[in-house]
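Report on the structure given below.
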Amino acid sequence: MKIYVTDRNLPRLHLAGTMIVVIVLALVLGASFLLIGASEHQRIFDRLEHNFSVKRQERLSAEMAAAIGYLDFVHSRTESVLRKALRERVETAIQTAEAIYAREHGRHTEAEVKRLIIEALRPQRFFDEGAGYFFIDDMEGRCVLLPIAPQREGQSLWDNRDDTGHYIMRGLVATVREGGGEGFSAYRWYAPDQPAEMADKLAFVKVFKPYNWIIGTGDYLHRWQQAQLKEGLERLRAWKFGETGRFGVMSLDGRLLLQAQWPEHEGQHYRTVGSDDVRRVRGELLELGRRGGGVLEYPWLRRGTDTVSKRMSYVQPYRPWNIVVVASVFEQEMQAAVTAERDETMRSLSAHVPAILLAAAAAFTLAIVASFFFSRWMGRQLRAYKHHIDAHAETLERQADELHLAARVFETSKEGIIITDARANILAVNPSFCQITGYAAEDVIGKSPRLLASHRHDAEFYRSMWQSINDTGTWSGEIWNRRVDGHVYPELLNISSVRNAAGAVLHYIGTFLDISERKEAEERIRQLVEFDLLTRLPNRALLNDRLTQAIAAAEREGKRVAVLVIDMDRFKTVNDSLGHATGDEILQEVAARLRRLVRQSDTVSRLGGDEFALVLTGLEQPAQALPVIRKVISTLSEPYLVREHDFRITPSIGIALYPDNGADTETLLKNADAAMYHAKNLGRNNFQFFTTDFNQWANDRLRIENGLRHALDRSELVLHYQPQFNLASQRIVGCEVLLRWQPAGEALMPPDRFIPVAEDTGLIVPIGAWVLDEACRQLAAWDAEGAAPIRMAVNVAVPQLRQPDFVANVRATLQRHGLSSDRLEIEVTESVLLDRDERIARTLEGLVELGIMLSLDDFGTGYASLSYLRNFRFDVLKIDRSFVSELHRNRDDITLIRAIISIARDMSLLTIAEGIESAEQCAILTELGCGVGQGYHFSRPVPAIEMGAMIVNRAGDPA
């Protein structure tokens, strides 16, 4: 049926339609309330179930953390228990030997007394499976007693090594020598239960002084770890939480170690026992543990019943023992609470249904009444609106002719025109807009003018532009925009806003002209005014402007500016002899080389003739200009190949610094020019600073650098050695190599003057290689003279560690001089720890693999974190002399050194104190537990001959 709408029946139709809509909405609203209530209660229940699941996981996680903490405690006791047992056994053996010696010495020959001691200790066995036995060796490495291999008795075991290359007998002898007659030594040897491969073994040895024997015993760590593992499993077997919470343990290879439900399965592989479902679940738990652990839910048969219930397990691997620990609990422990909450939720939903229905009925009634009165009011508004439309139509007819005229102007204007709405969305563009930008009208209508943006202006530019438009209603200026082909062009733009009577913005109108040709003409004029025509470098006028800006920036930032005036030596001779064309090509090449040397923020300028200027900005210190100056001299001194001629022209450079040598452009350029002429007077091909003091420093540094380049060839470098003493026994155990330089005809130069120069210039690499080779050669020479073996400590700088072949060179040097790797100690400073260069880390790892001892020098004086000691494997910590010098007068230094020694002891590191100058300092360090010391109290650094004599005289006998 077709409905005809008139202004008479429109109000009635509106009333009927409104009431239908309101009724439908009321019904939908009531149903929605019911559905929302049910859905909300379901979400509450789901959230409750999730919270219970989370609580189960948290409880399992807490129990697991406690169990893992207990296993950590048990595991940590393994080595301490073994150490205590070994010490007790050896003390028993020493007491037995001393008793026999005290009873039989003097009554029998020495050989007979020794035999009685050996035979008394030979049959003794202890620990499980008879693995414990006593052994006796002498200090020269000969076997005296070895019950498991009596055929080796009387033979030398000095060169016996384990599968890591460690010399076992040498380690035992070193332990008692450095430990005051006793100590622990770790090595690897064949275990009785694993005869095919070596295992970690710990031995305790002690000197039997009457015969200078080393009596000891040892056992394998894994045997004690297995005993501790059994103790941990028994504790977990008794561990219960809740009604059904239990622990289970499997090895990573699948053996069942602890099964509370089926203890008869323990010791067997999980695939060989249990039902298919049990084996499947155990396999999933094991795989989860191998991947790092987590939570697993699965159906499981409850013990003593035929009921299968849902079970949750928390799995975590324990890597020290290669096991997987499983904490499990049945879901039923919390099911009663979930069921009670579900029932309460349903009761709450049922109680809300009558209230929801009553509210829906009330809303329905109110909606009908409101719709009736609203329809009557709407009818009156429609009639008033019809009258207004008729009057507006007459106004539109009058304005049509005016709009037609404006449209003709819009279409024919030579300026590009763009009209937007109040939100800056494009409503219309004229043909000139399309011709200038390349966009078709349909491509931009409805879009933002931002599609024309060139991105040459920052956000502040556009913020200022729109502020002007909003404040004054208009903006005019130059702007860079982008055509559809991506080409950026300049335009002269005017933007005006169109507002209504209330002042609200209705439209924005933009008109613009392409001014590319005008800009190109201005740029050509600027190039002629500000740039040198031959080299295309800034001329003196532009240089003055940029230098003025650089000085202003330096004054704000508190930095320096360097001005370099460069003159090409003997250029006039080339120019006069070969012509100006050749000279121009050389000047162009000089300009090109200078451009490649400087940063974007620096300026290269041609002042005229063969004179150039360089402005270096942002300098913190004057010395920062030196690398650029050296590059300029090196680069400009390279040959010039022009017109088949090979020219060598050198530069003379003068340098002036802001604010040191002047506060304005004229003064700086004048002083730099004077310094340049001073450089020419000194022989050309050099640079001179205007400041006399800094110029002297630069000359002295250059003299040191030049001298170092020939120091090796002239044999001017020498090594001195400072001995290192065991503080407990007062024996020499090593020495530190110290480099000295004695230029021809001069006194010895201290390292702090030439080592920094060597590191900056890279000369430290060949010098460091010479130091390492000479130190190893000298150590081998002392060995050949019969001196007691000591360790040689060599300092290595960071540039050496960055060399990819450093480890190979160290290995070759040791082999060349016949030295073992444990005789060499490489010292590095804390700065190495802060350097993130991966090459350094690889070098340190290579040295450790080679068996070289690593020493951390000046520990505690830098900024390195203690966590770096965990990332890098060091063997020695050197306590800096600054902590030792006031040790006897400053309690804070004692506290600090005690902390350092404690850290070193906990990490199994040897401590060496530097700068010991008195017996009182030596006594305090010995009491604090410091192992080794060096300083003037023992000896100053001495030449090789004196050091060799000290080793012979003091290595074997206490001082």
Side-chain angles (χ1 to χ4, degrees), residues 454-461 480 488 519 522-523 526-568 587-608 611-638 651-673 675-676 679 687-691 694 698 760:
S454 65
H455 305 295
R456 286 196 177 186
H457 305 288
D458 56 15
E460 178 60 26
F461 173 84
W480 288 84
V488 176
K519 284 291 183 182
E522 291 176 354
E523 179 62 22
R526 191 181 72 85
Q527 287 286 335
L528 292 173
V529 172
E530 297 182 344
F531 288 84
D532 175 58
L533 295 178
L534 176 64
T535 61
R536 310 308 301 165
L537 292 177
N539 58 18
R540 185 181 291 269
L542 183 55
L543 172 68
N544 287 336
D545 179 65
R546 292 187 179 178
L547 182 53
T548 300
Q549 297 178 25
I551 291 173
E555 184 177 7
R556 290 193 305 272
E557 299 170 2
K559 295 184 178 181
R560 284 179 164 84
V561 178
V563 178
L564 283 65
V565 172
I566 306 167
D567 186 84
M568 304 306 295
L587 293 176
Q588 290 172 339
E589 176 62 20
V590 170
R593 294 183 184 184
L594 288 175
R595 282 195 201 96
R596 293 193 294 267
L597 291 176
V598 299
R599 301 166 298 176
Q600 190 71 26
S601 59
D602 299 331
T603 298
V604 181
S605 171
R606 184 188 179 201
L607 300 178
E611 194 170 78
F612 296 84
L614 214 62
V615 177
L616 307 179
T617 61
L619 302 180
E620 299 285 352
Q621 297 293 334
Q624 288 181 311
L626 287 175
V628 178
I629 296 170
R630 291 194 181 98
K631 288 181 181 178
V632 170
I633 290 180
S634 175
T635 302
L636 297 187
S637 299
E638 294 176 358
S652 294
I653 305 175
I655 306 101
L657 297 169
Y658 168 85
D660 309 66
N661 309 132
D664 57 78
T665 59
E666 181 180 356
T667 303
L668 288 172
L669 286 171
K670 180 187 68 175
N671 291 340
D673 196 55
M676 181 270 292
F687 65 91
Q688 296 295 318
F689 282 86
F690 182 77
T691 303
F694 188 78
D760 291 343

| task | Indicate the ring-plane relationship of His457 and Phe461, choosing parallel, tilted or perpendicular according to the 30° and 60° boundaries. | result | parallel

Please name the pair of heavy atoms, one in [X] and one in [Y], separated by the smallest distance, quoted to 0.1 Å.
X      : Y      : result
Pro538 : Ser605 : O-OG, 2.7 Å
Ala675 : Ile655 : CB-N, 3.8 Å
Ala550 : Val561 : O-CG2, 3.7 Å
Pro651 : Met568 : CB-SD, 4.3 Å

Those residues at least two apart in sequence (or on a different chain) that pass side-chain contact (heavy atoms from CB on, under 4.5 Å) with Ala625 are Ala562, Leu616, Leu619, Ile629

Those residues at least two apart in sequence (or on a different chain) that pass side-chain contact (heavy atoms from CB on, under 4.5 Å) with Thr667 are Asp664, Asn671

Any residue meeting side chain to side chain donor-acceptor pair (under 3.5 Å) with [X], in chain and number order, not counting sequence neighbours:
X      : result
Ser652 : Asp569
Asp567 : Lys680
Glu555 : none

request  = Before giving the answer on side-chain contact (heavy atoms from CB on, under 4.5 Å), spell out for Val488 and Arg456 the whole-Å C-alpha distance, their side-chain angles and the decisive distance to 0.1 Å.
outcome  = CA-CA 9 Å; Val488 176; Arg456 286 196 177 186; 3.8 Å; yes

Could you check Phe687 against Ile566 for side-chain contact (heavy atoms from CB on, under 4.5 Å), going step by step and ending with a plain yes or no? CA-CA 9 Å; Phe687 65 91; Ile566 306 167; over 6 Å; no

Just to verify, what does [X] make a salt bridge (charged side-chain N to carboxylate O under 4.0 Å, His left out) with, not counting sequence neighbours?
X      : answer
Glu460 : Arg463
Arg560 : Asp660
Lys559 : Glu620
Arg599 : Asp602

Answer whether the closest heavy-atom distance between the side chains of Phe612 and Leu587 falls below 4.5 Å.
yes

Problem - Validation row: Leu669, Leu543 side chains within 4.5 angstrom (heavy atoms) - result: yes

When you measure from the side chain of [X] to the backbone N and O of [Y], does any donor-acceptor pair fall under 3.5 Å?
X      : Y      : answer
Glu611 : Gly608 : no
Ser637 : Ile633 : yes
Asn544 : Leu547 : no

Using the rule given for side-chain contact (heavy atoms from CB on, under 4.5 Å), can you reason through Phe531 versus Leu542, listing the C-alpha separation, both sets of side-chain angles and the distance that settles it, and then say yes or no? CA-CA 7 Å; Phe531 288 84; Leu542 183 55; 3.7 Å; yes

To the nearest 0.5 Å, what is the distance between [atom1] ([X]) and [atom2] ([Y])?
X      : Y      : atom1 : atom2 : value
Thr617 : Glu557 : OG1   : CD    : 8.5 Å
Asp673 : Leu668 : CG    : CG    : 12.5 Å
Asp532 : Gln588 : CG    : CD    : 9.5 Å

Is there a side-chain contact (heavy atoms from CB on, under 4.5 Å) between Leu614 and Ile653 once you walk through the steps?
CA-CA 10 Å; Leu614 214 62; Ile653 305 175; over 6 Å; no

Would you give me the side-chain donor-acceptor pairs under 3.5 Å for residues 589-598, sequence neighbours excluded?
unit_1 : atom_1 : unit_2 : atom_2 : d
Glu589 : OE2    : Arg593 : NE     : 3.0
Arg593 : NH1    : Thr635 : O      : 2.9
Arg593 : NH1    : Glu638 : O      : 3.1
Arg593 : NH2    : Pro639 : O      : 2.9
Arg595 : NH2    : Thr535 : O      : 2.3

